[in-house]
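Single-structure report; data block below.
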Amino acid sequence: MKITHIATECAPFAKSGGLGDVVYGLSRKCMQLGCHVDVIIPGYKNIDSKIERTLFEKFSIHLDGETFDLSIYSCIFHEITVYTIESSYSKNLFNRDSIYGEQDDTHRFLCFSYFALTFLDRKKIKTPDILHIHDWPTAFCAPFLRWNFPQLKSTIKSCILTIHNLKYQGIIEKKELSFFNLPVNELPSSYDQHDNNNYLNIMKSSIEEADHCVIVSPTYLKEIMTNSCGEGLEHFIEKRKNKFSAILNGIDTDYWNPSNDKFLHSVYNPEDLLENVIEAKYRNKRYLQKKLGLSLSHAPLYIFITRLTEQKGPYLIKEAIHHIEKAGSQCILLGSEPSSSLKKLFSDLKSTTNVYIDFRFQEELSHLCYAAADAIVIPSIYEPCGLTQMIGMRYGTIPIVRKTGGLSDTVFDIDHSDKPLSQRNGFVFEFPTLDSMDYIINRADDCFKTNQSLWRKIMENCLSKDVSFHQPALEYCKLYNLMKD
Ligand code: ADP
């Protein structure tokens with residue numbers, strides 16, 4: 001069976017958050033399970049420095065009087081064939097410094113979706129059985145298939161949309177769509193942005209046209225049918241709930257592997273005796289403390305590794321940092337992509353000998369942080385799945401999370417849970433208030449400082465939890481098989 005992903009991220013080529021990890025991890029595992037997988041991504045600026053690619057083909061596309069000269073490059077990475085699409089158009093669509101956050105993002109990614117389908121339609125590579133698209137940036141492939149590529153649509157058996165985050169839906173003025181030769185006046189009203197039918201909602205129109213939609217955790221699937229997380233689409237989704245299912249993400253445990261992670265100071269096998277894991281983590285902690293100018297304290301070290309957006313609970317993160325500092329413990333914040341207002345919120349937080357603040361995306365440093373830390377704090381307001389709690393567990397770092405979305409499907413409170421003791425693997429709080437944040441940090445801090453045997457038990461439960469892509473990939477393969485018949 002052949003699967004083609006059209007996506008805007010695939011680690012390590014292009015990653016801004018979990019989407020990149022998931023496209024790569026899922027592809028790799030599905031290959032191991034016998035699927036043939038390829039991935040099509042935009043040719044961003046810094047891809048070349050990451051891997052050598054060869055020119056696969058060049059062709060031109062004419063849209064609305066403009067000519068796009070496209071170059072398709074390919075490379076094989078861990079058996080996955082990755083195609084990158086570059087466009088030498090005067091406005092330069094992909095070859096920019098950042099993946100997202102540009103004023104013309106909707107236009108850029110609609111172009112990318114259209115180019116990727118044109119590439120498949122040229123049949124220079126085998127047509128997939130399943131076309132797998134991800135989030136709003138490539139979601140419009142499903143409507144494009146119906147309106148612009150009917151022949152390709154008839155040879156692809158199914159188009160599956162995975163929604164990693166419903167908040168971002170991609171809204172575009174309808175008249176802009178005539179650029180893509182779409183019959184703007186014939187498009188169904190179900191594509192409309194709810195409050196203004198001059199605009200089209202890309203996510204909605206994709207939900208309408210895709211053969212199946214996957215949500216990245218069972219709890220988030222329930223939550224998006226309520227007004228707390230439905231982002232205005234709760235009724236629309238509820239009416240179509242038969243075409244939805246939930247598959248919890250995993251992580252690539254070869255990439256996130258403390259036994260051969262080249263970014264660690266001291267590697268360790270997560271299946272080794274706990275004593276040995278603790279010793280190696282301690283060596284990493286010492287190394288990291290020196291590297292970041294933190295004091296060589298024995299107090300617990302907490303980390304926050306996150307895109308710094310409203311979704312991730314920035315007020316709670318700030319409160320937690322203050323509270324950790326007051327308790328005489330240590331913390332590290334790697335918080336990328338803060339908006340100017342969030343940067344302002346954090347402006348009074350300065351790095352000290354107990355606190356390290358960094359607003360950059362730092363892949364290498366993040367690995368060392370996962371290995372060195374005692375706990376990872378994730379106070380998200382909502383969290384479709386979340387990967388950092390799973391990466392933390394893989395490195396023996398205890399998650400402290402808010403009970404929402406995928407966090408509540410993967411982390412179970414050591415004292416308050418229906419799960420057996422062997423599955424309780426962290427600290428969980430419910431209400432997104434400053435008091436709850438302080439309370440949960442107190443609980444973790446007390447446990448670390450006064451009850452090391454319980455702390456070690458939680459670590460053991462984290463290390464033994466299967467956070468790999470094995471089970472998710474089996475579920476995706478089952479779905480692919482079902483959808484191909
Ligand atoms: P989201 O997809 O909402 O950003 P996830 O928890 O699903 O959140 O995935 C986040 C991924 O991005 C993880 O691999 C995490 O390590 C990485 N990440 C997030 N922020 C940073 C950062 N500032 N520096 C390095 N890696 C980061």
Side-chain angles (χ1 to χ4, degrees), residues 7-26 98-101 134-137 162-168 215-217 219-220 229 231 247-258 261 263-264 288 292 303-314 317 331-339 342-343 346 356-373 376-395 397 399-402 404-411 426 467-469 472:
T8 45
E9 295 182 38
C10 177
F13 306 94
K15 167 173 165 181
S16 93
L19 175 61
D21 285 326
V22 172
V23 171
Y24 164 70
L26 175 63
S98 56
I99 299 181
Y100 310 113
H134 299 267
D135 272 351
W136 80 265
T162 292
I163 301 179
H164 301 261
N165 195 334
L166 189 63
K167 169 110 182 143
Y168 308 99
I215 301 298
V216 291
S217 70
T219 299
Y220 191 55
C229 286
E231 304 292 344
I247 302 180
L248 194 65
N249 284 328
I251 57 168
D252 185 285
T253 45
D254 290 329
Y255 180 68
W256 295 108
N257 185 356
D261 189 325
F263 303 128
L264 304 197
L288 183 64
L292 302 182
I303 52 173
F304 304 80
I305 298 182
T306 184
R307 289 180 300 111
L308 213 45
T309 61
E310 292 295 342
Q311 170 196 345
K312 305 293 182 177
I317 292 177
C331 67
I332 296 171
L333 166 68
L334 301 185
S336 42
E337 302 173 27
S339 61
L342 284 186
K343 217 165 181 177
F346 281 85
Y356 177 81
I357 309 279
D358 193 330
F359 294 114
R360 289 168 297 173
F361 184 90
Q362 301 244 55
E363 181 73 21
E364 293 184 18
L365 183 58
S366 77
H367 288 240
L368 188 57
C369 290
Y370 285 116
I376 178 159
V377 189
I378 314 167
S380 303
I381 303 304
Y382 74 94
E383 192 59 74
C385 177
L387 299 184
T388 57
Q389 79 279 19
M390 297 196 234
I391 303 170
M393 286 185 234
R394 173 85 174 138
Y395 284 71
T397 299
I400 300 173
V401 308
R402 194 173 97 71
T404 179
L407 296 173
S408 58
D409 293 326
T410 52
V411 184
V467 289
S468 75
F469 245 113

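One-based numbering, in listed order, for ligands and for the atoms of each. Everything quoted here is computed from the prediction, not taken from an experiment.
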Problem set entry | Subset of ligand 1 atoms that lie under 4.0 Å from at least one heavy atom of T388 | 6 (O), 13 (C), 15 (C)

Problem set entry | ligand 1-proximal atoms of W256, by part, heavy-atom distance under 4.0 Å | side chain

Exercise. Where the closest heavy atom to atom 4 (O) of ligand 1 is concerned, which of Q362, H367, R307 has it?
Worked result: R307

Exercise. Between the side chain of R394 and the main-chain N/O of W256, is any donor-acceptor distance below 3.5 Å?
Worked result: yes

For this session: Could you tell me whether the side chain of T162 and the main chain of H134 form a donor-acceptor pair under 3.5 Å?
Result: no

For this session: Among all protein heavy atoms, pick out the one at the shortest distance from atom 12 (O) of ligand 1; state its residue, atom name and that distance to 0.1 Å.
Result: G17 CA, 3.5 Å

Exercise. Are the side chain of Q389 and the backbone N or O of C385 linked by a donor-acceptor pair below 3.5 Å?
Worked result: yes

Exercise. Judged by atom type as modelled, is there a donor-acceptor pair below 3.5 Å linking the side chain of D135 to the main-chain atoms of N165?
Worked result: yes

Seminar exercise, completed: Tested for side chain to side chain contact (heavy atoms under 4.5 Å, CB included) against F304, the lone hit among I332, V377, T388 is V377

Exercise. For E337, is the nearest heavy atom under 4.0 Å from an atom of ligand 1?
Worked result: no

Exercise. So, D261 versus Y370: side-chain donor-acceptor pair below 3.5 Å or not?
Worked result: no

Exercise. At what distance is the nearest protein heavy atom to atom 20 (N) of ligand 1, and which residue and atom is it?
Worked result: T306 C, 3.2 Å

Problem set entry | Side-chain donor/acceptor of D358 to backbone N/O of R360, under 3.5 Å | yes

Exercise. Counting heavy atoms only, which of E364, K167, R360, K312 is nearest atom 1 (P) of ligand 1?
Worked result: K312

Seminar exercise, completed: One finds that the ligand 1 atoms under 4.0 Å from a non-hydrogen atom of S336 are 20 (N), 21 (C), 22 (C), 23 (N)

Seminar exercise, completed: heavy-atom search around atom 26 (N) of ligand 1 in the protein gives F361 CE1, 3.5 Å

Exercise. Going by distance only, is there an N or O of K15 that falls short of 3.5 Å from an N or O of ligand 1?
Worked result: yes

Problem set entry | Distance filter under 4.0 Å to L387 heavy atoms, resulting ligand 1 atoms | 5 (P), 6 (O), 7 (O), 9 (O)

Problem set entry | Donor-acceptor contact present, side-chain Y24 to main-chain F13, <3.5 Å | no

Exercise. Is there a heavy atom in Q389 that sits closer than 4.0 Å to ligand 1?
Worked result: no

For this session: Taking the six-membered ring for Trp and the single ring otherwise, decide whether the centroids of Y255 and H367 are under 6.0 Å apart.
Result: yes

Seminar exercise, completed: For atom 10 (C) of ligand 1, the closest protein heavy atom turns out to be G18 N, 3.6 Å

Exercise. Counting each atom of ligand 1 from 1 as listed, which ones have a heavy atom of L334 under 4.0 Å away?
Worked result: 23 (N)

For this session: Keeping the roles fixed (side chain from N249, backbone from V216), state whether a donor-acceptor pair exists under 3.5 Å.
Result: no

Exercise. Does any donor atom in the side chain of E9 or Y100 lie under 3.5 Å from an acceptor atom in the other side chain?
Worked result: yes

For this session: Record the part of I391 in heavy-atom contact with ligand 1 below 4.0 Å; permitted values are side chain, backbone, both and neither.
Result: side chain

Problem set entry | Side chain, backbone, both or neither: Y370 near ligand 1, heavy atoms under 4.0 Å | side chain

Exercise. Can you tell me which residue and heavy atom of the protein come closest to atom 13 (C) of ligand 1, and the distance to 0.1 Å?
Worked result: D21 OD2, 3.6 Å

